Structures are given as C-alpha cells and as structure tokens.
Amino acid sequence: NWGEYIDQSVLDDFEAQTGIHVNYRTFDSNETMYSVVSGGGANYDVIIPSDYMISRLIDEDMLEPINFDNVPNFSDVDPSLKNPDYDPENLYSVPYMWGVLGVIYDTTVVDEEDTGSWDLMWNEKYADDIVMFDNSRDAIGIALKRLGYSYNTTDPAQITAAVDTLIEQKPILQAYCMDDIFGKLEGKNASIGAYYYGDYLTMVENNPDLAFYIPEEGTNLYVDAMCIPKGAPHKENAEAFINFMCSTEAGLKNCEEIWYSSPLLSVREALDPEVSGDPLAYPDASILEQCESYTNLPKDILALYNSEWLRLKT
C-alpha cells in the first residue's frame, strides 16, 4: 500500500477475526510498485495501485480475477466507482480510496493573489520552498495540465513541451519527493506542493496555516484499488482481506484516520455530515467537471515518459 494510507489497527482487527497474519509494506509510487511486482522480487497477495497502473497490469496479464463470491461487501461500493475505465468489467479490482489532487500552500508565506493556478509551483518568488512529485506520471501530468493539455495525451510534442517546463521549474524547487511531501508541508519545511485532499485534511489539523485549492486549469481525480497479483500464493486469504477492508467498521476506521474519500456508501452515511458534505471530499458535479483521471498509455508513450524523465533528472 501507499505510505500514510491506513489505520494500522484494522490489520490487528483482521488478524483477530480471521487468524490470518498480515505482512504489511508500503511503496512510494506506482512505478516503484510495478518494478517490484513485475520483477518477481516479492510474492504479494494484495497490492493497492492507482487507476492507470491497474489498467497496465491488466493489459500485461499481471492480475488474478477476483472471486467476488468471497467479497460480498463489494455490494456496498458506490455504483459510480464500479466498472471503471481502467477495469471495465470489474474483474480485477475493488476500490480502496479515491479523491482529488490539488495545491497545498502555507498561508503565512504565500500571497493569496499568487494562488488559483498551477503557476504557483513555478513562481520564482517562492524558490527553494516548493516540492514536486518524484515520479514521471504525476510530475509530467501537472506540467501537461498547466499547459492546457490532457493528462493522457499521446502527442510527443506536448509531452516534450511539458518536460521543458519542468526543466525550467527545476532550479527553484527545494526537492523532488513522494511521501516526504506530507511531512515537509505539515512541518513547515516547505510552503508549496501538489498533494491529495485527504492528506490535506490530516495536515491541517496539525498545521492550521495550510490551505488547499484545485487549480483553475484542472486536476486529477484518482482511484486507488485493491488487486491480487498473478500467482498470489494465498488468493482466498487475499479475498478475505479485501472483503474485510470493505466492511463498514474497517472502512470507517480508515476514513477517520486518513480522511481520504471512502468508496463505501455505509461509511459515508456514518460520517459526520460536515465531512460527508464536503464538496472536495465527495465532489459534486462542479468539481468533477474540473477533473480528469489517468488512463494507461501506449508502450511507445511510456517509453517516451521514461526517456523524458531521464532528460529532466540528469
């Protein structure tokens, strides 16, 4: 799973109820997870990648179909999140959490007139105080969206132009990072970064100077989902785990710990109305119109991403 993305007590609850022991590990990007799983470096029973990576794993025959007879709690998943574009027949995945990406900034450092756009992350006024995603899909995606292009463009010229703007941004960055973005923004070690609304709700409890906005050029709506890798050694245990994570009890614990948006209808009903009615946590149509989800890209475009990312980093 991703870092900072679970209430650890739900693992204890699952073990107590089933007697199945959980070995829990985290990864910092979809690409890191992919390299480990595709390289055969570990025999995981459950992985929690994001939408576009699930599509890639399906295309490359790297996932087991889920026996939904063993996951009856799937019935509680919001119908709007079933049969998604990345898994159109809903054979391989069960939603874990979902939400929107935006810009988080420190209101004591950043002038309000500079906010509203992705441009804030290119503003030289805040040099050495900006952190950026350290993975190609998210970083190039932000640059594409800033230029008015789709996250899923297959136009090499647009992708190259996006990386050119990242090269322009690079000198003013404090760092490229992943899970560290959370701690840097919350701890006032950086003042500007792109991150997720669920994490923002956790950060702002400890640092009330933070604020969040969806950039006017648009942003990412993502879903992270539970999947079973091909050849998983304990498939039925994996399905028992997925079913447990879709229980109201586990879902509510998770939601109240990490504040991401739950796909479970019963959890939304149990949440404080102030949370369930938050238009950024459970976006209304006006928010969704500003959002685009990632899809899997053709192999030649993935190769271009890799070479362009190398050009940026070196």
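Just so it is clear, the model here is predicted, and its values are computed rather than measured.
- Between G251 and V267, the shortest heavy-atom contact is C-CG2, 3.7 Å.
- Both the sub-6.0 Å distance and the 45° axial angle are not jointly satisfied by K170 relative to the ring of Y176.
- Between the CG atom of D278 and the CG atom of D284 there is a distance of 10.0 Å, given to the nearest 0.5 Å.
- Between the D111 side chain and the E113 main chain, no donor and acceptor come within less than 3.5 Å of each other.
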Query raised in the report: What do the steps show when you test E257 against K253 for salt bridge (Lys or Arg N to Asp or Glu O under 4.0 Å), and what is the final call?
Result: CA-CA 6 Å; E257 175 68 20; K253 271 192 173 184; over 6 Å; no
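- I242 is listed as a side-chain neighbour of I228, based on a closest heavy-atom distance under 4.5 Å.
- Side-chain contact between D7 and E256: absent, with no pair of heavy atoms (C-beta onward) separated by less than 4.5 Å.
- Within 6.0 Å of the CD atom in E205, the count of heavy atoms belonging to other residues, nucleotides or ligands exceeds 12.
- Nearest approach of G99 to S261, heavy atoms of both residues: CA-OG, 4.4 Å.
- Checked by atom type and distance alone, the side chain of N83 pairs as donor or acceptor with a backbone atom of P88 at under 3.5 Å.
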Requested in this report: Start with the C-alpha gap between I172 and D128, add the side-chain angles, then the distance that decides, and say whether side chain to side chain contact (heavy atoms under 4.5 Å, CB included) holds.
Outcome: CA-CA 5 Å; I172 69 169; D128 299 320; over 6 Å; no
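- Judged purely by distance below 3.5 Å, without hydrogens or angles, the side chains of N30 and N135 never pair a donor atom with an acceptor atom.
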Query raised in the report: Going through the checks in order, is the side chain to side chain contact (heavy atoms under 4.5 Å, CB included) test met by N207 and L185?
Result: CA-CA 9 Å; N207 180 359; L185 292 170; over 6 Å; no
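- The CD atom of E269 sits 10.0 Å away from the CG atom of L271 when rounded to the nearest 0.5 Å.
- M62 places a side-chain heavy atom less than 4.5 Å from the side chain of S38.
- Under the 4.5 Å side-chain criterion, counting only non-hydrogen atoms from C-beta, C246 is in contact with V94.
- With hydrogens and angles ignored, the 3.5 Å screen pairs no side-chain donor or acceptor of E4 with any backbone N or O of F182.
- Hydrophobic cluster membership is shared by Y24 and M178, with clusters built from Ile, Leu, Val, Met, Phe, Trp and Tyr side chains linked at under 4.5 angstrom.
- At least one side-chain heavy atom of I6 sits less than 4.5 Å from a side-chain heavy atom of V10.
- With a 4.5 Å cut-off on side-chain heavy atoms, L63 and K230 do not count as touching.
- Shortest non-hydrogen contact noted between L221 and C291 is CB-CB, 3.7 Å.
- Checked by atom type and distance alone, the side chain of S307 pairs as donor or acceptor with a backbone atom of L304 at under 3.5 Å.
- Taken to the nearest 0.5 Å, the CG atom of N73 stands 4.0 Å off from the CG atom of N243.
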Query - side chain to side chain contact (heavy atoms under 4.5 Å, CB included) between I20 and H234, worked out - result: CA-CA 10 Å; I20 300 169; H234 310 101; over 6 Å; no
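- Considering all non-hydrogen atoms of both residues, N90 and F68 come closest at O-CE1, 3.3 Å.
- In this pair, Y200 and F212 present their aromatic rings tilted. The plane angle is within the 30 to 60° band.
- Within the 3.5 Å criterion, the main-chain N or O of G231 finds a donor-acceptor partner in the side chain of E64.
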Report task. Begin with the C-alpha distance, continue with both residues' side-chain angles, and end with the deciding distance and a verdict on salt bridge (Lys or Arg N to Asp or Glu O under 4.0 Å) for D106 and K188. Result -> CA-CA 8 Å; D106 190 323; K188 286 184 171 286; 2.7 Å; yes
Report task. Kindly determine whether E186 and Y195 satisfy side chain to side chain donor-acceptor pair (under 3.5 Å), including the steps that lead there. Result -> CA-CA 11 Å; E186 184 184 54; Y195 221 53; over 6 Å; no
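- For the atom pair CD of Q290 and OG1 of T219, the computed distance is 9.0 Å after rounding to the nearest 0.5 Å.
- Shortest non-hydrogen contact noted between P215 and G102 is CD-CA, 4.2 Å.
- Without hydrogens or angle criteria, T32 side chain to D28 main chain gives no donor-acceptor distance under 3.5 Å.
- For Q169 against M121, the heavy-atom pair with the smallest separation is NE2-O, 2.9 Å.
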Report task. Check the pair S136 / E31 against side chain to side chain donor-acceptor pair (under 3.5 Å), numbers first and verdict last. Result -> CA-CA 9 Å; S136 59; E31 289 68 25; 4.9 Å; no
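- There is no path of hydrophobic side-chain contacts, each under 4.5 Å, that joins L265 to Y96.
- Proximity of the aromatic rings of Y222 and W98 is defined here by a centroid distance below 6.0 angstrom, and this criterion is not met.
- Using a 3.5 Å distance cut-off with no hydrogens or angles, the side chains of Y126 and Q174 do not pair a donor with an acceptor.
- Note that CZ of F14 and OG1 of T18 are 3.5 Å apart. Values are rounded to the nearest 0.5 Å.
- Taken from CG in L147 to CH2 in W118, the straight-line distance is 12.5 Å, to the nearest 0.5 Å.
- Both the sub-6.0 Å distance and the 45° axial angle are not jointly satisfied by R25 relative to the ring of Y44.
- Counting only distance, with no hydrogens or angles, the side chain of Y213 and the backbone of S117 share a donor-acceptor pair below 3.5 Å.
- Considering only heavy atoms from C-beta on, D129 stays 4.5 Å or farther from I192 through its side chain.
- Side chains of Y294 and N220: a donor-acceptor N/O pair is absent below 3.5 angstrom, by distance only.
- D76 and S266 are linked by a side-chain donor-acceptor pair at a separation below 3.5 angstrom, with hydrogens and angles left out of the test.
- Ring planes of Y196 and F133: tilted class, angle from 30 to 60°.
- Within the 4.5 Å cutoff, side-chain heavy atoms of P298 are placed close to those of T154.
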**Report entry** Chi angles and distances behind the salt bridge (Lys or Arg N to Asp or Glu O under 4.0 Å) call for R311, D164
**Finding:** CA-CA 9 Å; R311 178 167 75 95; D164 287 342; 3.0 Å; yes
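- A salt bridge does not link D45 with K235: none of the charged nitrogens is closer than 4.0 Å to a carboxylate oxygen.
- In this structure, the side chain of D87 engages the main chain of Y92 through a donor-acceptor pair within 3.5 Å.
- Looking at N152, its side chain does come within 3.5 Å of a backbone N or O of S293 through a donor-acceptor pair.
- Remark: side-chain polar atoms of D224 are not paired, donor with acceptor, to backbone N or O of I48 under 3.5 angstrom.
- At least one test fails for R268 against the ring of Y282: distance under 6.0 Å to the centre or angle within 45° of the axis.
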Requested in this report: Please test N296 against M53 for side chain to side chain contact (heavy atoms under 4.5 Å, CB included), starting from the C-alpha separation and ending with a verdict.
Outcome: CA-CA 7 Å; N296 190 31; M53 184 55 69; over 6 Å; no
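- Taking the six-membered ring where tryptophan is involved, the planes of Y5 and Y260 are perpendicular, since the angle between them exceeds 60° and thus also 30°.
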